[in-house]
Number of protein chains: 2
Amino acid sequence: MSGSSVVEGEAQAEVQAGAQAAVLPVSRRTLHDEVVGRIRDMIIEGHLPTGSRIHEGQLGARLGISRTPLREALKFLASEGLIDLVPGRGAVVRTLTRVDVRDLLEVLTALESSAGRSACARASEAEIAGVRRLHDAMMEFYARRDRLEYYKLNQAIHSAIAALSGNAYLAQVHETIQQRLRRIRFLGNQGPEKWSAAVAEHEAMIAALEARDGEALATVLTEHLRRTWDRVIDVVEP
Amino acid sequence: MSGSSVVEGEAQAEVQAGAQAAVLPVSRRTLHDEVVGRIRDMIIEGHLPTGSRIHEGQLGARLGISRTPLREALKFLASEGLIDLVPGRGAVVRTLTRVDVRDLLEVLTALESSAGRSACARASEAEIAGVRRLHDAMMEFYARRDRLEYYKLNQAIHSAIAALSGNAYLAQVHETIQQRLRRIRFLGNQGPEKWSAAVAEHEAMIAALEARDGEALATVLTEHLRRTWDRVIDVVEP
DNA sequence: CGAGCTTCGATTGCGTTCAATCATCCTGTA
DNA sequence: TACAGGATGATTGAACGCAATCGAAGCTCG
């Protein structure tokens with residue numbers, strides 16, 4: 001086993017912590033949120049396969065921590081819905097069924113539509129230009145067929161629109177859902193025709209945002225996510 | 001102090017647990033979710049004032065449990081946003097600022113609008129009739145000016161519409177938000193003219209649902225929550 | 001007399017340990 | 001031979017205790 005301690009890893013899950021960090025100017029140190037972020041990544045990346053039980057002693061040893069902070073992190077993740085806590089049997093990695101994915105996408109649609117309308121109404125020109133830059137960078141990776149980097153920027157754009165709503169809570173919930181869908185959406189974008197269609201939808205998205213046409217943006221986002229459902233439906237089981 | 005143990009209390013926070021309990025036919029026993037529900041209630045009811053620090057030893061003694069399960073429960077509640085975990089200082093009850101309430105209501109609007117559309121499209125006649133019964137019962141309490149019971153049914157109706165969407169995740173997030181706003185919305189409905197206006201909006205809601213007019217229902221819900229914002233704006237500080 | 005530093009008490013963070021529960025395997029009997 | 005029952009090992013759930021850190025009071029010095 002790799003005797004790596006947690007301390008080595010960088011804090012990658014600061015997105016939603018930043019939303020309510022206004023009262024604490026700089027989040028001094030992440031104590032055990034490190035562990036939360038780490039386990040969350042392990043689940044999303046597939047290192048902890050869905051449906052499998054989480055052995056506390058074993059995972060704790062791998063992370064170089066004792067069971068107590070690990071259990072606290074598991075409780076936190078359970079609240080996010082990534083794992084289920086079965087009374088006598090511990091934590092099991094939650095499997096996303098087809099219905100789960102549909103439900104998550106539906107909520108994502110509601111949130112992004114609302115965010116899109118707000119963004120068109122209140123975002124500054126500079127902020128919109130920032131999204132445009134993300135889009136252009138994404139198109140670069142599309143031209144090079146760099147799927148991983150393309151996808152990262154794709155998610156960043158959606159997150160940016162959610163953030164442009166000016167609604168921190170919306171952005172936070174949006175981020176949580178997007179993380180949970182990350183793996184499935186990535187797998188679902190296989191195939192050049194699917195990919196090019198998604199790109200076209202993104203073009204329309206940016207156009208609507210720059211035109212500050214909230215209704216059009218909401219419509220495009222809704223349609224985009226409806227087609228995302230079509231794209232991922234084959235990837236997810238049951 | 002009251003030396004009451006946790007075991008006496010009934011489990012009141014089973015709402016969102018039920019959403020994903022399909023795999024576990026009967027949720028055998030709630031081990032520490034009891035504690036989560038208890039603390040959540042204490043916060044919402046105001047027994048733990050907002051902004052105050054939570055003393056682990058003290059609260060643990062009051063609940064009759066040791067610090068370990070209490071800390072796990074606090075981590076869970078932190079993920080819901082009810083409390084903030086400050087690294088060296090423990091847990092503090094989160095204060096809902098005006099911006100927070102606005103953000104929460106905005107997300108609630110997006111969710112309920114979406115749910116309303118879905119409900120009109122897919123709910124059975126029996127389910128709609130069930131909501132009507134809730135509404136009629138609520139009107140009874142309105143006639144008697146029983147504000148507490150009125151308000152309970154008011155929330156139940158909104159939850160029912162969220163559930164009628166057929167989207168378990170949406171219903172869960174909706175419930176979480178509604179719980180967080182419970183106290184403020186209750187305080188905000190003071191005054192007879194505010195109250196009667198809210199009742200009228202509810203009438204329109206039920207009418208749109210029974211007519212299965214999804215767009216109308218979404219509009220009414222949006223308007224209802226916008227006016228809710230007006231009603232509560234004086235109650236919440238900053 | 002006020003400000004900065006130091007020390008001390010209190011509280012949190014985490015590791016360790018004990019009790020309860022669950023799963024598996026073995027044994028005995030029909 | 002197959003099934004039922006019990007016993008044992010493993011794993012979770014909760015309590016305890018120690019070390020680190022935070023806040024505050026007291027002391028010293030300018």
Side-chain angles (χ1 to χ4, degrees), chain A residues 1 3-9 11 17 23-39 48 51-79 82-94, chain B residues 1 3-9 11 17 23-39 48 51-79 82-94:
Chain A
M1 80 178 67
S4 64
S5 169
V6 182
V7 195
E8 306 171 18
V23 63
L24 309 170
V26 106
S27 64
R28 293 251 296 183
R29 287 173 194 177
T30 52
L31 59 169
H32 86 294
D33 303 319
E34 188 75 37
V35 181
V36 171
R38 190 65 90 82
I39 300 177
L48 291 175
S52 69
R53 285 179 58 178
I54 292 180
H55 190 128
E56 295 179 355
Q58 196 170 329
L59 182 56
R62 269 190 67 180
L63 295 172
I65 57 174
S66 101
R67 279 181 55 217
T68 306
L70 174 62
R71 284 175 58 83
E72 293 177 353
L74 291 178
K75 293 294 192 313
F76 196 94
L77 293 169
S79 177
L82 264 81
I83 60 180
D84 283 329
L85 259 38
V86 185
R89 232 175 311 174
V92 296
V93 182
R94 199 151 192 276
Chain B
M1 82 177 69
S4 64
S5 169
V6 182
V7 196
E8 306 170 18
V23 63
L24 309 169
V26 105
S27 64
R28 296 247 297 180
R29 286 174 193 175
T30 52
L31 60 169
H32 86 295
D33 302 320
E34 187 74 37
V35 181
V36 171
R38 190 65 91 82
I39 301 176
L48 292 175
S52 69
R53 284 180 59 180
I54 293 180
H55 191 127
E56 296 179 354
Q58 197 170 327
L59 182 57
R62 268 190 68 180
L63 294 173
I65 58 175
S66 98
R67 278 180 55 217
T68 307
L70 175 62
R71 284 176 57 84
E72 293 177 354
L74 291 178
K75 293 295 191 312
F76 197 94
L77 293 169
S79 177
L82 264 82
I83 60 180
D84 283 330
L85 292 174
V86 186
R89 230 176 312 171
V92 296
V93 182
R94 199 151 192 276

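Sequence lines set the chain letters: A, B, ... in the order given, protein chains first and strands last, and positions in each chain run from 1. Just so we're clear, the structure is a prediction, and the values are computed from it rather than from any experiment.
- Arg89(B) has its CZ atom 12 Å from the C1' atom of dT12(C), to the nearest Å.
- Map Gly88(A) and Thr68(A) each onto its nearest nucleotide of DNA chain D; the residue landing nearer the 5' end is Gly88(A).
- Rounding to whole angstrom units, NE2 of residue His55(B) and C1' of dG13(C) are separated by 14 Å.
- Put simply, the side chain of Arg53(A) never gets that close to the backbone of Gly90(A): no donor and acceptor are under 3.5 Å apart.
- Atom CG of Leu85(A) and atom C1' of dT11(D) are 14 Å apart (whole Å).
- If you check every strand for non-hydrogen atoms under 4.0 Å, Leu74(A) touches nothing.
- Protein atom CD of Glu72(A) is 16 Å distant from nucleotide atom P of dT12(D), rounded to whole Å.
- Between His32(B) atom NE2 and dA20(C) atom P the separation is 20 Å, expressed in whole Å.
- Nearest heavy atoms, Leu70(B) versus Gly60(B): CD2-N, 3.5 Å.
- Distances shown here put a side-chain N or O of Arg71(B) below 4.0 Å from the OP1 or OP2 atom of dG13(C).
- Comparing dT12(D), dC14(C), dC16(D) by their closest approach to the side chain of Arg53(A) singles out dT12(D).
- The interatomic distance linking Ile54(A) (CD1) with dT12(D) (P) rounds to 10 Å, in whole Å.
- Scanning all heavy atoms of the two residues, the minimum distance from Ile83(B) to Val93(B) falls at CG2-CA, 4.1 Å.
- For the pair Leu70(A) CG and dT16(C) P, the interatomic distance rounds to 14 Å; values are reported in whole Å.
- Taking 3.5 Å as the limit, the base of dG13(D) and the side chain of Arg67(A) contain a donor-acceptor pair of atoms between them.
- Nearest to the side-chain atoms of Glu56(A) among the listed nucleotides dC14(C), dG13(C), dT12(D) stands dT12(D).
- Rounded to an integer number of Å, the gap from Leu63(B) CG to dA14(D) P is 13 Å.
- Not a single donor-acceptor pair, N or O on each side, falls under 3.5 Å between the base of dA14(D) and the side chain of Ser66(B).
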Verdict with supporting geometry, Ile39(A) and Leu82(A), side-chain contact (heavy atoms from CB on, under 4.5 Å): CA-CA 10 Å; Ile39(A) 300 177; Leu82(A) 264 81; over 6 Å; no
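- Of the candidate nucleotides dA23(C), dC14(C), dA15(D), dA15(D) has the atom lying nearest to any side-chain atom of Pro69(B).
- Nearest heavy atoms, Leu85(B) versus Lys75(B): CD1-CD, 3.3 Å.
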